[in-house]
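Just so we're on the same page: letters track the sequence lines, and every chain starts at 1. Keep in mind the model is a prediction, meaning the values are calculated, not measured.
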Amino acid sequence: MEPTIKETAWDPEIEKQILQQWQDNKIYDFSPEGQVFVIDTPPPYPSGRPWHIGAASHYAQIDMIARTARMSGKNVLFPIGIDRNGLPVEIYTEKKYGIRMHETDRAEFLKLCETALDDLEAEMIQIMKSLGLSGNFAEYYRTDSEKYRTLTQSTFIEMWKQGQVYLANRPNNYDWVTGTTIADAEIIYEDIPTKLVHMKFQVKDPKRTIIIASTRPELLCACQTIIVNPEDERYTDVIGKKVVIPIINREVEVKVHPSAEKEFGSGAVMVCSYGDQNDVALFRDLKLEEIAAVGMNGRMKEVAGAYVGLKVKQAREKIIEDLTNQGFVEKIDNINHRTPISERSKTAIEIISMEEYYLKQKDSVDKIKELGSKINFHPPMHKQILMNWLESISIDWPISRRRFYGTEIPIWYCKKCNEPHVPEPGKYYRPWKDSSPIAKCTKCDSTEFVGEQRTFDTWMDSSVSPLYITKYKQDEAFFSKTYPTTIRPQSKDIVRTWLYYTILRCEKLTGKTPWTDAWIMGYGVDEHGAKMSKSKGNVIDPLPVIQKFGADTFRFWSASEINVGYDFRCSEQKIETTKKFLSKLWNVSRFLSGFNIVESTKPSASDKWILSELDKLIIECKKGYSEFNFFIPATALREFTWNLFAAHYIEMVKGRAYSSDFTEEERDGAIYTLHKVLSSVLILLAPITPFITDYLWQNLYSKNTIHHEKFVEPEGHEDWTKYTKEITEFNSEVWNKKKSANLSLKDTIEIAIPQSLEMFAKDLKAMHNIV
RNA sequence: GGGCCGAUGGUCUAGCCUGGUAGGAUACCCCCCUGACACGGGGGUGGUCGAGAGUUCAAAUCUCUCUCGGCCCA
């Protein structure tokens with residue numbers, strides 16, 4: 001009867017041995033046979049230290065998806081990747097070494113970025129491994145590898161040849177800090193305190209002034225017209241008349257346009273290239289000639305006259321001062337202005353005309369709506385984020401970036417006639433340093449070429465991840481077996497970028513949806529519901545937490561705390577208390593380890609009761625797992641194991657298992673049932689807490705890993721769960737009685753067992769020592 | 001301005017779809033080492049379920065309006 005498990009608590013140190021065992025035995029290897037289940041794992045971006053605890057939690061949950069599928073009998077492809085292209089590492093590198101990218105040798109700069117990425121990546125891989133992810137670490141991929149970039153470029157070339165890509169000179173969102181064009185999807189809006197300057201403009205004839213309010217007076221030099229609403233009677237006399245721009249002393253004509261709101265400011269609006277997206281639309285509508293006021297360095301150009309060379313903000317300060325001194329200012333309001341900010345550099349963007357490459361997306365919107373409507377979203381509410389985004393797409397996708405650390409755009413231009421040429425797909429090209437693979441210009445027969453300097457928007461890389469993991473154009477048999485993939489897990493803030501662009505690109509290339517399911521996670525916030533940020537000092541580093549409490553504790557916390565798609569709160573204290581459940585499970589197992597597994601033909605009433613509760617539990621867990629909602633099985637299992645199985649059933653049958661006053665048949669019924677329940681619980685818990693369950697499983701039930709087991713099925717026991725309430729209430733009553741009588745729990749007591757519990761009488765008498 | 005989500009004891013949360021005694025965790029108070037577990041066990045204090053109206057025999061749950069928060073889009 002001595003437990004074979006000696007220790008009285010689960011020691012997370014054991015996880016390391018188990019991890020080693022999994023790795024040595026390669027228990028998670030994938031083969032493209034039978035029913036396959038493919039996870040389009042998000043490759044995390046190593047952008048800084050520490051890694052976000054919310055992200056660690058996401059990956060723990062993605063692993064639960066993999067394990068759930070595996071235990072449901074599927075062959076699971078669970079790739080691991082690291083996203084390494086893009087701005088954050090460039091900014092990180094610039095800061096770390098105090099250098100500017102565009103002033104540094106390109107090859108040298110790339111080298112520095114790579115080193116930074118390697119460091120940060122190592123920490124992420126370590127966390128993912130120690131969390132027990134059952135993914136393919138042996139072949140983990142990087143989006144900046146030659147192989148991955150080859151795919152990005154090849155798919156681009158494919159689209160180029162289909163005529164999906166074009167070059168256009170148009171006003172574009174420009175982030176002057178990072179020196180690159182950005183897509184609408186990369187813009188965020190913030191309310192920033194701004195001065196709304198009410199300026200006096202002089203009309204020549206009739207002689208009068210009109211007031212124009214603007215937050216961008218530094219763009220006066222780029223003003224091409226003043227618009228008023230056609231129904232605004234205050235201005236009917238000035239329509240078509242010339243107005244003098246203050247300070248600049250240039251004349252423009254007053255025009256009518258319905259977009260001028262009578263109620264906003266004075267009702268008259270100055271139209272400049274370009275204060276905002278509205279200006280862009282007006283320039284197009286009214287066929288105005290653009291005046292470039294802001295340069296690519298974020299400073300005013302020559303047309304700004306006295307303000308040339310000043311940064312936009314400085315120019316604004318200065319011109320406000322001059323306007324005031326020269327009597328052009330009627331008043332200045334301090335307002336909060338909704339300002340477009342670059343998501344990456346967190347500075348206000350400018351709208352500047354530049355020549356960039358575009359990928360057509362407007363004509364795909366309907367098709368994507370159709371595909372999107374067929375994808376199962378978990379939770380369904382987040383499908384709305386995609387649908388809303390699709391509604392608001394108004395321009396094609398600008399895909400070229402003036403940055404270094406990205407996949408190079410594989411284009412060479414004829415030196416003579418400037419004709420662009422793309423090379424053959426299937427190889428990795430670096431036009432900024434490689435010599436041209438094209439022999440002769442198709443247009444003018446010239447043999448001299450210049451390589452493209454720009455790189456792709458990083459979403460061009462990320463958006464082909466489902467194609468990369470399924471070996472698109474690499475292994476036809478593998479691809480046809482694994483694509484479309486099964487599930488895309490990702491966080492909700494990149495639905496309009498990663499999720500959307502992936503559908504767009506994969507649809508264009510394969511005509512199909514990239515996955516059948518999308519599983520959208522919320523953010524990890526701090527214990528009070530606030531976003532974690534370094535400046536607030538509420539960041540929790542996941543690594544020490546995992547080391548302290550163990551991966552299983554972290555995982556069980558994640559499962560029992562997170563409702564799919566909703567934001568979740570992270571606190572160390574909560575994680576700590578989760579550990580208690582694992583100790584409970586450990587000690588239940590420790591108790592059972594003293595009893596050899598037996599068969600039983602004649603279960604007692606208590607056995608039938610708990611087996612019927614077990615059936616209910618299995619059904620509940622399977623329901624949760626089928627929806628990839630781990631909250632359901634985690635809480636159901638904890639509730640069952642702790643508050644029914646351990647607290648009531650084990651106490652009831654303990655005497656029977658030790659077999660004093662019981663027959664052998666009765667004893668075997670108890671021991672059989674104890675093991676039946678525990679082994680089922682371990683299997684049901686295995687996707688959530690893979691370490692402790694595997695350890696206990698191998699200690700008690702098998703030489704083989706629990707992770708090759710299939711989920712247990714309900715056995716269809718007669719429904720005796722109706723007794724649960726009575727049993728637990730009766731037990732409570734006895735405990736209370738003993739307490740109020742100042743008796744110890746082992747003391748005898750006289751108490752009547754209710755008629756309805758008669759069939760449990762023998763167990764109950766032994767449990768409470770009822771005489 | 002539009003959209004999505006949320007509001008349940010001090011704190012966090014389940015229940016809401018499918019209306020019928022609001023469950024759990026944590027914190028707090030009291031008691032207990034009982035043949036697996038003090039990383040444990042037992043008992044207890046604490047909630048008019050954001051506000052208002054409607055439907056109903058009955059509303060945390062359904063409908064409407066509003067308030068406050070979070071996120072997203074213009």
Side-chain angles (χ1 to χ4, degrees), chain A residues 1-12 184-185 187-189 261 264 276-278 281 338 340 377 379-394 491-496 520 522-523 525-531 549-550 553 557 560-563 565-571 573-595 631-632 634-636 638-639 642-643 645-648 650-651 654-655 657-660 674 678 725 731-740 742-747 766-769:
Chain A
M1 299 294 171
E2 275 299 300
T4 58
I5 296 172
K6 298 292 171 219
E7 304 75 19
T8 59
W10 163 243
D11 177 11
D184 287 349
I187 292 174
I188 52 175
Y189 289 85
E261 285 176 53
F264 186 79
D276 55 27
Q277 282 298 341
N278 197 35
R338 204 142 169 71
F377 276 74
M381 66 176 178
H382 284 332
K383 183 177 282 190
Q384 206 53 40
I385 305 176
L386 173 66
M387 293 306 170
N388 290 348
W389 177 242
L390 287 170
E391 283 307 324
S392 67
I393 288 172
S394 59
S491 90
K492 69 177 181 190
D493 54 337
I494 51 174
V495 167
R496 63 195 172 120
I520 312 294
Y523 310 112
V525 293
D526 79 0
E527 54 192 317
H528 305 293
K531 230 178 195 166
F549 303 116
T553 301
W557 162 77
S560 62
E561 197 74 9
I562 298 176
N563 216 338
Y566 292 86
D567 293 352
F568 54 95
R569 308 198 177 202
C570 306
S571 87
Q573 199 224 327
K574 285 227 165 196
I575 297 171
E576 185 170 10
T577 52
T578 304
K579 188 163 182 275
K580 289 185 182 176
F581 171 64
L582 298 188
S583 279
K584 193 74 196 177
L585 182 70
W586 176 268
N587 279 300
V588 166
S589 306
R590 186 172 115 88
F591 171 61
L592 286 210
S593 72
F595 302 98
F631 180 85
I632 293 172
T635 46
R638 179 173 55 197
E639 185 61 22
W642 206 324
N643 296 334
F645 185 54
H648 295 280
I650 291 184
E651 294 303 331
K654 208 183 253 175
Y658 286 125
S659 84
S660 41
L674 284 165
L678 178 64
K725 202 178 168 197
N731 288 337
S732 250
E733 190 194 328
V734 179
W735 285 323
N736 253 331
K737 273 233 165 86
K738 284 195 176 177
K739 179 189 144 88
S740 54
N742 248 334
L743 293 170
S744 152
L745 284 179
K746 60 184 169 187
D747 289 337
M767 171 183 183
H768 295 296
N769 215 354

Using a 4.5 Å cut-off on heavy atoms from C-beta on, say whether the side chain of [Y] contacts that of [X].
X: Thr578(A); Y: Phe549(A); answer: no
X: Leu585(A); Y: Leu678(A); answer: yes
X: Phe568(A); Y: Asn563(A); answer: no

Rounding to an integer number of angstrom, what distance separates [N] and [M] when you compare their [atom1] atoms?
N: rU56(B); M: rG19(B); atom1: C1'; answer: 9 Å
N: rA58(B); M: rU65(B); atom1: P; answer: 23 Å
N: rA36(B); M: rG23(B); atom1: P; answer: 31 Å
N: rG52(B); M: rG70(B); atom1: P; answer: 24 Å
N: rU18(B); M: rU63(B); atom1: P; answer: 9 Å
N: rG50(B); M: rG9(B); atom1: P; answer: 8 Å
N: rU21(B); M: rC4(B); atom1: P; answer: 32 Å
N: rC72(B); M: rU61(B); atom1: P; answer: 30 Å

Practice prompt. Figure out the CD1/P separation between Ile494(A) and rC72(B), and round it to whole Å.
Written response: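 Between P of rC72(B) and CD1 of Ile494(A): 14 Å.
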Worksheet entry | Mutual orientation of the aromatic rings belonging to Tyr658(A) and Phe591(A) [parallel < 30°, tilted 30-60°, perpendicular > 60°] |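 Perpendicular.
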Worksheet item: Going through the distances and angles, do His382(A) and Trp389(A) end up as a ring pair (Phe, Tyr, Trp, His ring centres under 6.0 Å)?
Response: CA-CA 12 Å; His382(A) 284 332; Trp389(A) 177 242; over 10 Å; no
Which heavy atom of [X] sits nearest to which heavy atom of [Y], and what is that distance?
X: Asp567(A); Y: Lys492(A); value: OD1-NZ, 3.3 Å
X: Trp735(A); Y: His768(A); value: NE1-CE1, 3.9 Å
X: Gly565(A); Y: Pro379(A); value: CA-CD, 3.7 Å

Practice prompt. With sequence neighbours excluded, tell me which residues meet salt bridge (Lys or Arg N to Asp or Glu O under 4.0 Å) with Lys574(A).
Written response: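 Lys574(A) satisfies salt bridge (Lys or Arg N to Asp or Glu O under 4.0 Å) with Glu561(A) once adjacent residues are dropped.
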Practice prompt. Return the set of residues passing salt bridge (Lys or Arg N to Asp or Glu O under 4.0 Å) with Lys654(A) (not counting sequence neighbours), or none when no residue passes.
Written response: Glu651(A)
Worksheet, complete the sentence: Quick tally for nucleotides 35-44 of chain B: nucleotides whose base has a protein heavy atom under 4.0 Å get B, sugar-phosphate-only ones S, the rest -, giving SBB-BSSBS-
Practice prompt. Can you check each nucleotide of nucleotides 1-17 of chain B against protein heavy atoms at under 4.0 Å and return B for base, S for sugar-phosphate only, - for none, in 5' to 3' order?
Written response: --SSSS-----BSS---
Worksheet, complete the sentence: RNA chain B in dot-bracket form (Watson-Crick or G-U pairs under 3.5 Å, [ ] crossing, | inter-strand) is (((((((..((((......[..)))).(((((.......))))).....(((((..]....)))))))))))).
Worksheet item: Touch check for Lys725(A), heavy atoms < 4.0 angstrom, all strands: base, sugar-phosphate only, or nothing?
Response: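 Base contact.
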Item to complete: Report the residues that fulfil side-chain hydrogen bond (donor to acceptor under 3.5 Å, both in side chains) with Asn736(A), sequence neighbours left out, ordered by chain and then residue number.
Response: none
